[in-house]
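Notes follow once the structure below has been shown.
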Amino acid sequence: MISSVFESTKIINSGNALDPVGFVEAIFQGLAPDGGLYYPTEYACLQDIIVSLPKDISFIELAATITHSLFSEEFSKQEAKTLCTQAFKFQPVLRSLNDEIMLLELFHGPSCAFKDFGAAYLSAIMEQQLSVTDEQITILTATSGDTGSAVAQAFYNKKNIKVVILYPSGRVSPLQEKQLTSVGKNIYALEVQGSFDDCQYMVKQAFQDTKICTQYNLSSANSINIGRLIPQSFYYIYAWNILRHQKQSYHNKFDDWLFCTPSGNFGNISAGLLAKCWGLPIKHIIAASNANDVVPKYLSSGTYTPMASFSTLANAMDVGNPSNFERMYTMYKKQAMTHTHNITDITEQEIHKEMAHDIRALSISDKKIQDEILEIQQEYGEYICPHTATGISASKQILKSDWAKKLKYQQAVVLCTAHPGKFFEVIENICGSKPPLPSRLEQFLHKQSLSYKILPTVQAMTTVLDKLL
Ligand SMILES: *Cc1c(COP(=O)(O)O)cnc(C)c1O
């Protein structure tokens, strides 16, 4: 089988052909040279492999199998196994909450959020490649909290890689700030006297400046990197495989699991859609948004209207113009082309119809998030994070709908995106008691911080970097 290759989302719309690139190259580039996002030129067909995965396959084995199947020219079986063993020192945990809701816990990694899966895989690939060429790179990334801590943990002590994280002063939680500033060694935290948008703008400007790019050999690890998306598809397959083997005795249909993904930038759900395109037998997926409801509105109306984001209790999902929407749109444009055998004149309506068929989306208010957190705590004595709460609330609502009844969906698998301990202030306000803080988070509270305060300009940034790197 030929390895999967990637092309820019801009190509399909502009017809401006850049050559497709391999996985490793797409990872190091981050963004395509034309400013588009990478997505697979053609979908690998993995259905036979997926439906014959053994019952007790470990997450590492499964990740290695899929990696090798997708990228056989870049990773031999053995290389894929080494890579996944290096990356995944933690794994997803699937358990049942009640008859309706299964929880897929994705927060057992070092920073206690699902972003650890993408960051760990990306860093393992980058380190392995750089050890061959002995090249040095600098990863520059902006964070509003969660991404930065996953990246800091994943790249800590990696050879040939320095990481510079920009975060907005006073706008990340004290615990998040500790997670960024106390890691040390090859991880440098810059406290920017501005907003998250300023940080993102500085990163963008730096990447557009060839002199800066060459001087530091800049690379990106932000969430639009395809290297972070690919490993996030593995846990959909992993959970599906466990459920399928549990239920096989009395179900011969493979496709009756409904995943629900709490979504902000829509990367995590795009990973589930990729798995579906490769042949994971699922038909529909639920997207749970907080009150920032641009995508649910698009799916119900057909009109996409990006907005400025506003703050909610599920703050890692406060996104008003999700960057992965462009990727989803392109995927469904391709799908519409195959379904209608029409290569040139696909209409917006046809693309919308395809996407709205697969994705059920709901926007969940802060009030509903609070109610859900409290209800689960009172009924089961368990704490859930505000993002997971949007997923549970949306799933319950969808399972009650005529749509679900008609399709005989009785259960949903909710992706639990963060550990409740990460949001203990919010949860304590709602429940009156604190969720336990895992020791890997607790330890940060006692560590020494080190960061460099700078003005929100690229020049202030390079002045500090010249001294540090
Ligand atoms: C990043 C994040 C999300 C949103 O994921 P997307 O891929 O941006 O849709 C949800 N929950 C938590 C805890 C996160 O950190």
Side-chain angles (χ1 to χ4, degrees), residues 2-44 70-71 118 122 140-142 197 200-201 203-210 212-213 218-230 232-233 263-271 273-274 276-278 294-295 298-299 302-307 319-340 342-355 358-359:
I2 303 284
S3 283
S4 303
V5 291
F6 297 88
E7 65 185 28
S8 161
T9 47
K10 294 244 192 285
I11 289 180
I12 197 166
N13 298 316
S14 67
N16 199 356
L18 286 168
D19 283 337
V21 299
F23 184 46
V24 172
E25 192 178 343
I27 280 182
F28 278 97
Q29 286 189 7
L31 216 60
D34 61 5
L37 309 185
Y38 281 117
Y39 78 104
T41 303
E42 273 172 49
Y43 299 116
L70 288 172
F71 311 116
L122 183 66
L140 178 63
T141 190
D197 291 330
Q200 256 187 330
Y201 186 66
V203 169
K204 245 196 196 144
Q205 277 193 311
F207 275 101
Q208 279 165 3
D209 186 323
T210 12
I212 297 178
C213 280
L218 286 190
S219 212
S220 123
N222 73 15
S223 61
I224 48 95
N225 195 309
I226 188 78
R228 287 182 47 179
L229 231 54
I230 298 286
Q232 288 171 197
S233 67
S263 296
N265 236 337
F266 284 73
N268 212 7
I269 199 167
S270 296
L273 295 171
L274 273 180
K276 178 170 161 22
C277 291
W278 297 328
V294 174
V295 175
Y298 167 74
L299 290 171
T303 314
Y304 184 72
T305 319
M307 300 185 307
V319 183
N321 186 11
S323 43
N324 281 290
F325 184 77
E326 184 176 323
R327 211 176 238 139
M328 285 161 58
Y329 191 83
T330 308
M331 285 166 74
Y332 281 100
K333 185 164 183 178
K334 278 216 149 183
Q335 189 166 307
M337 285 173 172
T338 9
H339 283 169
T340 58
N342 177 348
I343 313 291
T344 45
D345 297 323
I346 293 294
T347 62
E348 300 255 331
Q349 285 85 344
E350 283 165 316
I351 300 169
H352 170 256
K353 196 173 146 211
E354 295 279 341
M355 203 193 291
D358 287 5
I359 306 175

Inter-residue atom distance I346.CD1 - K334.NZ, 0.5 Å rounding: 12.5 Å
Shortest non-hydrogen contact between F6 and P40, atoms and distance: CD2-N, 3.6 Å
Side chains of residues 20-32: which donor-acceptor pairs under 3.5 Å do they make with residues two or more places apart or in other chains?
{"residue": "E25", "atom": "OE2", "partner": "Q29", "partner atom": "NE2", "Å": "3.0"}
{"residue": "Q29", "atom": "OE1", "partner": "Y38", "partner atom": "OH", "Å": "2.4"}

Expected output: side-chain N265 to main-chain G267 donor-acceptor under 3.5 Å: no
Distance (rounded to the nearest 0.5 Å) between L229 CG and I269 CD1: 11.5 Å
Note, N321 side chain near Y304 side chain (heavy atom, < 4.5 Å): yes
Those residues that, when tested against E42, pass side-chain hydrogen bond (donor to acceptor under 3.5 Å, both in side chains) (two or more places apart): none
Distance (rounded to the nearest 0.5 Å) between S219 OG and N225 CG: 7.5 Å
From OG1 (T330) to CD1 (I351), nearest 0.5 Å: 8.5 Å
Exercise: do Y39 and N324 side chains pair donor with acceptor under 3.5 Å: no
Student check: side-chain heavy atoms of Y329 and E348 closer than 4.5 Å: yes
Minimal non-hydrogen separation, L140 against A206, with atom names: CD2-CB, 3.7 Å
Any donor-acceptor N/O pair, S270 side chain to M328 backbone, under 3.5 Å: no
Heavy atoms from other residues, nucleotides or ligands near OH of Y201 exceed 12 (cutoff 6.0 Å): no
Heavy-atom donor-acceptor pair, R327 side chain to T9 backbone, under 3.5 Å: no
Spacing of S8 atom OG and D19 atom CG [to the nearest 0.5 Å]: 12.5 Å
Inter-residue atom distance D209.CG - K204.NZ, 0.5 Å rounding: 15.5 Å
Polar side-chain atom of S4 near backbone of L70 as donor-acceptor pair, under 3.5 Å: yes
Non-hydrogen side-chain atoms of L274 and M331 separated by less than 4.5 Å: yes
Taking every non-hydrogen atom, the tightest pair across E326 and G36: OE2-CA, 3.9 Å
Atom of G264, atom of P322 and distance for their closest heavy-atom approach: O-CB, 3.5 Å
Y298: ring pair (Phe, Tyr, Trp, His ring centres under 6.0 Å) partners, not counting sequence neighbours: F325, H352
Side-chain donor-acceptor contact under 3.5 Å, Q335 with T338: no
pair F266-V319: side-chain heavy atoms closer than 4.5 Å: no
